[in-house]
Amino acid sequence: MRTLAGAGLIAAALLGACTVTERTPPPAPSEIVPIPPRAPAAATFTGPVLAPDGSCTGPAPASAAAIEPGIGECDLVRLKGRPPVDVLVGEGRAGREVQVLYTEPGAKELYFFVNNKLDRVVK
């Protein structure tokens, strides 16, 4: 059976093995160097793009013959033959990012563009 005195000796032995280190004080406000905000990636794309209302900002080039990775936003609208249901336009790490939604009978299709190039399709 242990006594309180015995438990105190064990605790003292365990605590004696610990060392206390001094913490360095935080730097003075004059020593703190602010990190400048990172500039957004420059958007590198050509041709007309989709506006949030689904309209093209210019005439769509007739270069794309099929919906495949790499076609432009307005090429998709031209190939579909009708405006999209919804368009979300934003800025991401890679530059301009656009999501285009079309509804088909029995399904929805979501097209993801990065810098005016079709990146992927979710059906």
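The structure displayed is predicted, hence computed values, not measured ones.
Put simply, Leu79 and Leu110 are part of two different groups of oily side chains (I, L, V, M, F, W, Y) that touch within less than 4.5 Å, one to the next. Phe113 and Val122 are not part of a single hydrophobic cluster, where members link through side-chain heavy atoms under 4.5 Å apart. Note on Phe112 and Leu101: same hydrophobic cluster, where clusters join Ile, Leu, Val, Met, Phe, Trp and Tyr whose side-chain heavy atoms are under 4.5 Å apart, directly or indirectly. Hydrophobic clustering (ILVMFWY, side-chain heavy atoms < 4.5 Å, transitive): Val121 and Val87 are in one cluster.
For Asn115 (side chain) and Arg96 (main-chain N/O), a donor-acceptor pair under 3.5 Å exists by modelled atom type.
The shortest distance between side-chain heavy atoms of Ile67 and Leu118 falls below 4.5 Å. Within the 4.5 Å cutoff, the side chain of Glu73 has no heavy atoms near those of the Val100 side chain. With contacts defined as side-chain heavy-atom distances shorter than 4.5 Å, the pair Cys74/Leu50 qualifies.
Contact detail for Ala66 and Ile71: the closest heavy-atom pair is O-CG2, 3.6 Å. Residues Pro48 and Asn116 approach most closely at O-ND2, 3.3 Å, considering heavy atoms. Smallest separation of non-hydrogen atoms from Val77 and Pro83: CG1-CA, 4.4 Å.
A salt bridge links Arg82 to Glu104: at least one charged side-chain nitrogen sits closer than 4.0 Å to a carboxylate oxygen.
A distance of 11.0 Å separates CG of Asp119 from CD of Gln99, quoted to the nearest 0.5 Å.
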Next on the checklist: What verdict does the side chain to side chain contact (heavy atoms under 4.5 Å, CB included) test give for Val98 and Val49, after you've listed the backbone C-alpha separation in whole Å, the side-chain angles of each residue and the deciding distance to 0.1 Å?
Outcome noted: CA-CA 9 Å; Val98 177; Val49 293; over 6 Å; no
